[in-house]
**Q** 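First, the structure itself, so that you have it in front of you.
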Amino acid sequence: MQLPLISFGLLACMAAHVSATALTYKLQPHEKACFYTATKARGEKIAFYFAVQSGGAFDIDYEVTGPNGKYIMDGQKERQGDFVFTANEPGEYKFCFNNEMSTFAEKFVDFEIAVENEARVNLPAKKGTSPEQTSALEESLFKISGQLSTITRNQKYFRTRENRNFSTVRSTEKRIINFSFIQIALIVAMGALQVFIVRFFFQGARKGYV
């Protein structure tokens with residue numbers, strides 16, 4: 001009988017409205033891309049996360065502006081960021097990534113924008129349940145929610161590290177292959193030069209005998 005209560009409690013605790021957008025975007029050289037989200041009420045929390053997965057030095061310029069073009073935060077040549085700020089004004093917020101510093105390198109950027117209303121809903125109490133038991137269950141549910149959020153962020157971090165390390169491995173592999181081709185070309189050139197020198201000496205010696 002406790003399972004329905006727990007399930008209903010989970011739904012009640014998560015009743016705070018959350019809207020999120022998680023995307024992976026490919027930025028071309030000299031490109032600037034902007035994304036938008038809107039808040040309906042003052043005091044809502046906006047979470048903004050991004051990480052450069054591949055391309056160049058894994059860095060990007062970013063800029064966040066609020067309604068009426070008011071600057072909230074910006075950064076240059078950042079590899080990743082994780083921010084939470086309060087929307088002091090309802091309206092449209094703009095999140096821009098700028099790759100104008102790159103001449104040739106295209107970059108893949110993972111990012112997530114989430115708007116959350118932190119209004120906390122009280123758990124419905126079951127008949128015969130003391131307020132202390134209900135409060136303990138509520139705190140446990142919010143603790144689990146926080147732990148899940150931490151796990152999600154850790155997964156994003158490890159994914160970013162994996163992608164960057166894989167990109168480094170591919171770059172090193174290409175350099176090794178190119179260096180091997182250069183070595184082969186030098187060996188062939190040296191062999192051809194030695195043959196030419198030996199033939200030159202023999203031809204000169206024959207002319208001397210004649």
Side-chain angles (χ1 to χ4, degrees), residues 11 13-121 141-168 170-171:
L11 293 175
C13 286
M14 304 304 173
H17 177 70
V18 178
S19 60
T21 300
L23 295 171
T24 299
Y25 187 79
K26 180 180 179 181
L27 273 172
Q28 300 293 340
H30 302 293
E31 181 184 0
K32 181 178 181 180
C34 295
F35 304 87
Y36 301 85
T37 190
T39 59
K40 298 180 180 179
R42 184 188 301 270
E44 290 185 335
K45 298 291 184 181
I46 299 179
F48 173 48
Y49 166 84
F50 74 91
V52 182
Q53 300 294 338
S54 64
F58 302 98
D59 57 354
I60 201 74
D61 297 343
Y62 71 92
E63 177 183 281
V64 181
T65 56
N68 301 321
K70 182 179 179 181
Y71 278 92
I72 297 176
M73 65 178 71
D74 60 2
Q76 288 77 39
K77 296 183 178 181
E78 298 287 344
R79 293 190 167 191
Q80 64 185 67
D82 194 354
F83 311 99
V84 178
F85 61 91
T86 302
N88 295 322
E89 298 179 8
E92 189 175 69
Y93 288 77
K94 182 169 68 172
F95 303 80
C96 294
F97 298 104
N98 193 338
N99 194 30
E100 293 179 353
M101 58 182 169
S102 297
T103 306
F104 304 104
E106 58 186 25
K107 298 177 181 178
F108 286 87
V109 182
D110 278 357
F111 67 95
E112 182 176 356
I113 303 169
V115 179
E116 179 178 357
N117 187 341
E118 290 189 332
R120 187 163 174 171
V121 181
L141 293 175
F142 274 97
K143 184 178 180 180
I144 293 172
S145 176
Q147 291 174 345
L148 288 175
S149 177
T150 301
I151 292 173
T152 301
R153 293 181 184 276
N154 287 336
Q155 286 178 333
K156 291 177 181 178
Y157 171 76
F158 287 123
R159 180 189 175 190
T160 300
R161 288 291 301 272
E162 179 185 7
N163 290 338
R164 290 176 181 173
N165 292 337
F166 184 68
S167 179
T168 302
R170 285 190 300 178
S171 176

**Q** Evaluate the side-chain proximity of Ile72 to Tyr93: yes if any heavy-atom separation is below 4.5 Å, no if none is.
**A**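 Side-chain contact under 4.5 Å: yes.
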**Q** Could you state the interatomic distance from CG (Asp110) to CZ (Arg159), rounded to the nearest 0.5 Å?
**A**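 Atom-to-atom, Asp110:CG and Arg159:CZ are 4.5 Å apart.
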**Q** Pick from Leu23, Thr37, Val64: which one makes a side chain to side chain contact (heavy atoms under 4.5 Å, CB included) with Ile113?
**A**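 Exactly one pass, corresponding to Thr37.
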**Q** Atom CZ of Phe85 and atom CD of Glu44: how far apart are they, to the nearest 0.5 Å?
**A**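 Separation between the atoms: 11.5 Å.
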**Q** Quick one: disulfide bond (SG atoms under 2.5 Å apart) pairs with a partner in residues 42-111, sequence neighbours left out?
**A**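 Every disulfide bond (SG atoms under 2.5 Å apart) pair that includes a residue of residues 42-111, provided the two are not neighbours, is Cys34-Cys96.
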**Q** Is it the case that the ring center of Phe83 lies less than 6.0 angstrom away from the ring center of Tyr62?
**A**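 Between Tyr62 and Phe83, the centre distance is under 6.0 Å.
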**Q** For a quick test of reading the model, state the closest non-hydrogen atom pair linking Ala41 to Pro90 and the distance between them.
**A**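 Distance-wise, the nearest heavy atoms are N-CB, 4.0 Å.
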**Q** Are Phe111 and Phe97 close enough that their ring centres sit under 6.0 Å apart?
**A**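 Phe111 vs Phe97: aromatic centres under 6.0 Å.
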**Q** Return the minimal non-hydrogen interatomic distance between Pro29 and Ala105, and the atom names on each side.
**A**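 Result for this residue pair: CG-O, 3.7 Å.
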**Q** Would you indicate whether Asn68, at its atom CG, is surrounded by more than 12 heavy atoms from other residues, nucleotides or ligands within a distance under 6.0 Å?
**A**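 Atom CG in Asn68 is not crowded, with 12 or fewer foreign heavy atoms closer than 6.0 Å.
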**Q** Just verifying a value: how many Å separate Lys77 NZ and Ile60 CD1, rounded to the nearest 0.5 Å?
**A**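 Lys77 atom NZ to Ile60 atom CD1 measures 11.5 Å (nearest 0.5 Å).
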**Q** Could you tell me the separation between the NZ atom of Lys107 and the CG atom of Leu27, rounded to the nearest 0.5 Å?
**A**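 With rounding to 0.5 Å, NZ (Lys107) is 8.5 Å from CG (Leu27).
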**Q** Scan side-chain atoms only and decide if Lys45 and Thr86 contain a donor-acceptor pair under the 3.5 Å cut-off.
**A**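 Note: Lys45 and Thr86 side chains meet the donor-acceptor criterion.
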**Q** Any non-hydrogen side-chain atom of Gln76 less than 4.5 Å from a side-chain atom of Asp61?
**A**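 SC-SC contact between Gln76 and Asp61 confirmed.
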**Q** Has the side chain of Asn98 got a donor or acceptor atom that lies under 3.5 Å from a matching backbone atom of Glu100?
**A**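 Such a contact is found between Asn98 side chain and Glu100 backbone.
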**Q** Less than 4.5 Å apart, any side-chain heavy atom of Tyr25 and any of Phe35?
**A**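 They are in contact (side-chain heavy atoms under 4.5 Å apart), so the answer is yes.
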**Q** With a 4.5 Å heavy-atom cut-off, do Phe166 and Arg170 have their side chains touching?
**A**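 Side-chain contact under 4.5 Å: yes.
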